[in-house]
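Being a predicted model, the structure only gives us computed values, none of them experimental. What's counted below: heavy atoms across the whole structure, side chains too, no hydrogens, waters or symmetry copies.
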Amino acid sequence: MPQRACVVLPEDRYFDPHPSQKAVALQLYRLVQDMPLVCPHGHIDPRLFADPEYTFPNPVEMLVTPDHYVFRMLYSQGIPLERLGIPRRDGGVVERDPRKIWQLFAEHFYLFRATPTGMWWTHMLYSVFGVTQKLSGETAQAIYDQIMAQLALPEFRPRRLYERFNIEVLCTTDAATDRLEHHRAIRASGWHGRILPTLRLDGLANMYAPDWRQHIAALAEVSGREITSYRAFVQALEERRAFFKAMGAHATDHSPVMVHIPDLSAQEVERIFQRGLKGTASTEEALLFTGYMILESARMSIEDGLVMQLHPGSYRNHNRWVYDTFGPDSGGDIPVQIEFTKALHTLLNRYGNDPRLTLIVFTLDESTYSRELAPLAGHYPALRLGPPWWFQDSFNGMIRYRQLTVDAAGFYNTVGFNDDTRSFPSIPSRHDLWRRMEANWLAGLVVRGILDLDDAAEMIQDSAYRLAKRVYKFDF
């Protein structure tokens, strides 16, 4: 029987091969490798923590089907999403056997070599599940059985994993109209885990979306008021923000495709809102409304203290057939070019000098970092740069991030790291990659004489833990 390849995870992986830099990087990494995880932005389902007895059904539902990083790669190689068990909107036939889905995934795991997904998965399988063999078609079923046996243990229930992962706070992303029933259940249970909601405004703000009026109707229902005017809409939205804040929320979330923030009069906003309610708003009017809602959200954030997250630049559901067949979040979102200096001018000139506002901007367009976002964050007190996001949340993306931003923005106008994941067991692996890359970057500055070791040690702890806590106000 052939020898099966074993997983090798060197302690100094990802560090520069030069011995002096590698030694400093390892020294810095050891300072933070066991620090608590602060997870201020992500997409974990709070349902996992609402029931203390919740058990993951199998490795596929736990690790494969929630993760669009996984199935978009397989789809790019011609593997139908139906074979991966992704549900069809029309209820059509898809593979239901998790063992077959796992086997298919394992046979194609080589596609993730040198990708962040491959790095995350290799570390996750080893550190969370104790898998010491490389995942392949040959080892697929043995690894499946190993994980299944562990999922039956109490230690692998979500609440226990939360504690094992040393997570200090984990924020979910929730529609503004969500009643937060799972969050209520978590709070009522008395469990000490800190699972906090985040108010996602897209459904109500993005008038260009085809289901915008449905979201307005849902807002009317949850708020118990008629929404026949823009004023009533804003009042209902402010009530939702207050509710989320009372439930522990620290932030809001905006994800428009593009950013254009107009300065509209009250009459203009009302006119567009009325046309939107009737379904007669033009594309231009809908975009104006969506941009204005970012401005309105900044005003509300100053008043209620919620941190404002803005991450434009994703052309959602680019693959229309995939969207029509499988729905959103099916791996078909693609980056677009973004401009920020002119787009944020109205907002920053009105609110950017107010220290009560914290506006965190993420981007998928790396060219804007050195040209626009870093200089803006290096000037306006309210603006901070989010970490490398989505397609840039990677070995190479993290290197480029620091290279493109530190000159103009400095280090302390960034906000540390967030994992932005739907795959709960991958959280420690994602944070570990960030901490290693930060240690390597700082070590490079130390061996060049740009930083001394004491400053680098303080910065790596800020990057891994303290910055996110401070900017998202988790100490308050």
Exercise. Any sub-3.5 Å donor-acceptor pair from Asp452's side-chain atoms to Asp455's backbone N or O?
Worked result: yes

Exercise. Thr115 side chain to Phe112 main-chain N or O, any donor-acceptor pair under 3.5 Å?
Worked result: yes

Exercise. Taking the side chain from Arg371 and the backbone from Ser367, do they hold a donor-acceptor pair closer than 3.5 Å?
Worked result: yes

Exercise. Ignoring hydrogens and geometry, is there a side-chain-to-backbone donor-acceptor pair from Lys245 to His250 under 3.5 Å?
Worked result: no

Exercise. Going by the salt bridge (Lys or Arg N to Asp or Glu O under 4.0 Å) test, which pairs reach into residues 142-162, not counting sequence neighbours?
Worked result: Glu53-Arg157, Arg99-Asp145

Problem set entry | Under-4.0 Å salt bridge between Arg184 and Glu181 | no

Exercise. Under 6.0 Å between the ring centres of Phe71 and Phe326?
Worked result: no

Exercise. Who are the side-chain hydrogen bond (donor to acceptor under 3.5 Å, both in side chains) partners of Arg83, not counting sequence neighbours?
Worked result: none

Exercise. How about Thr172 and His43: do any of their side-chain heavy atoms sit closer than 4.5 Å?
Worked result: no

Exercise. If you measure from the Lys or Arg side-chain nitrogens to the Asp or Glu carboxylate oxygens, is any gap between Glu303 and Arg241 under 4.0 Å?
Worked result: no

For this session: Go through Arg422 and Asp329 one step at a time and tell me if the salt bridge (Lys or Arg N to Asp or Glu O under 4.0 Å) criterion holds.
Result: CA-CA 11 Å; Arg422 288 177 167 81; Asp329 301 320; 3.4 Å; yes

Exercise. Among side-chain atoms of His431 and Asp419, is any donor-acceptor pair under 3.5 angstrom?
Worked result: yes

Problem set entry | Pair Asp12 + Arg436, salt bridge at N-O below 4.0 Å | no

Problem set entry | Any donor-acceptor pair under 3.5 Å from Arg240 side chain to Ala176 backbone | yes

Exercise. What do you reckon, are the aromatic ring centroids of Phe362 and Trp390 less than 6.0 Å apart?
Worked result: no

Exercise. Within the distance-only criterion (no hydrogens, no angle test), does the side chain of Arg194 pair as donor or acceptor with the backbone N or O of Val169 below 3.5 angstrom?
Worked result: no

Problem set entry | By side-chain hydrogen bond (donor to acceptor under 3.5 Å, both in side chains) - contacts of Asn166 (at least two apart) | none

Exercise. Do Pro388 and Trp434 have side chains that get closer than 4.5 Å, going by heavy atoms?
Worked result: yes

Exercise. Side chains of Tyr401 and Asn396: donor-acceptor distance under 3.5 Å anywhere?
Worked result: no

For this session: Could I get the full list of ring-ring contact (aromatic ring centres under 6.0 Å, His included) partners for Tyr412, not counting sequence neighbours?
Result: none

For this session: Would you check if Thr414 and Arg384 make a side-chain contact, meaning some heavy-atom pair closer than 4.5 Å?
Result: no

For this session: Please check if the side chain of Ser463 supplies one atom and the backbone of Ile460 the other of a donor-acceptor pair under 3.5 Å.
Result: no

Problem set entry | With Asp67 via side-chain hydrogen bond (donor to acceptor under 3.5 Å, both in side chains) - residues at least two apart | none

For this session: Determine the minimum heavy-atom distance between Asn413 and Ala409, stating which atoms define it.
Result: ND2-O, 3.0 Å

Problem set entry | Short side-chain to backbone donor-acceptor contact, Asp365 and Ile338, under 3.5 Å | yes

Problem set entry | His311 and Asp253: CA distance, side-chain angles, deciding distance, side-chain hydrogen bond (donor to acceptor under 3.5 Å, both in side chains) verdict | CA-CA 8 Å; His311 43 89; Asp253 197 45; 2.6 Å; yes

For this session: Please state whether the rings of Trp121 and Phe105 are parallel, tilted or perpendicular, taking 30° and 60° as the class boundaries.
Result: tilted

Exercise. Looking at Ala205 and Thr290, what are the two nearest heavy atoms and their distance?
Worked result: O-OG1, 3.1 Å

For this session: Report yes if some heavy atom in the side chain of Tyr162 is under 4.5 Å from a heavy atom in the side chain of Pro158; otherwise report no.
Result: no

Exercise. With Arg430, which residues qualify under side-chain hydrogen bond (donor to acceptor under 3.5 Å, both in side chains), at least two apart?
Worked result: Thr421, Ser426

Exercise. Do other residues, nucleotides or ligands put more than 12 heavy atoms under 6.0 Å from Tyr315 OH?
Worked result: no

Exercise. Would you say the side-chain atoms of Glu372 pair up with the backbone N or O of Lys342, donor to acceptor, closer than 3.5 Å?
Worked result: no

Problem set entry | Contact check, side chains of Leu344 and Tyr380, non-hydrogen atoms, under 4.5 Å | no

For this session: Measure up the Phe165 and Phe424 rings against each other and bin them: parallel (under 30°), tilted (30 to 60°), perpendicular (over 60°).
Result: tilted

For this session: Consider only side-chain N and O atoms of Asp420 and His41, and report whether a donor and an acceptor are under 3.5 Å apart.
Result: yes

For this session: Using atom types as modelled and distance alone, determine if a side-chain donor or acceptor of Glu168 lies under 3.5 Å from a backbone N or O of Pro36.
Result: no

For this session: Verify whether one side chain among Gln133 and Thr139 offers a donor that lies under 3.5 Å from an acceptor in the other.
Result: no

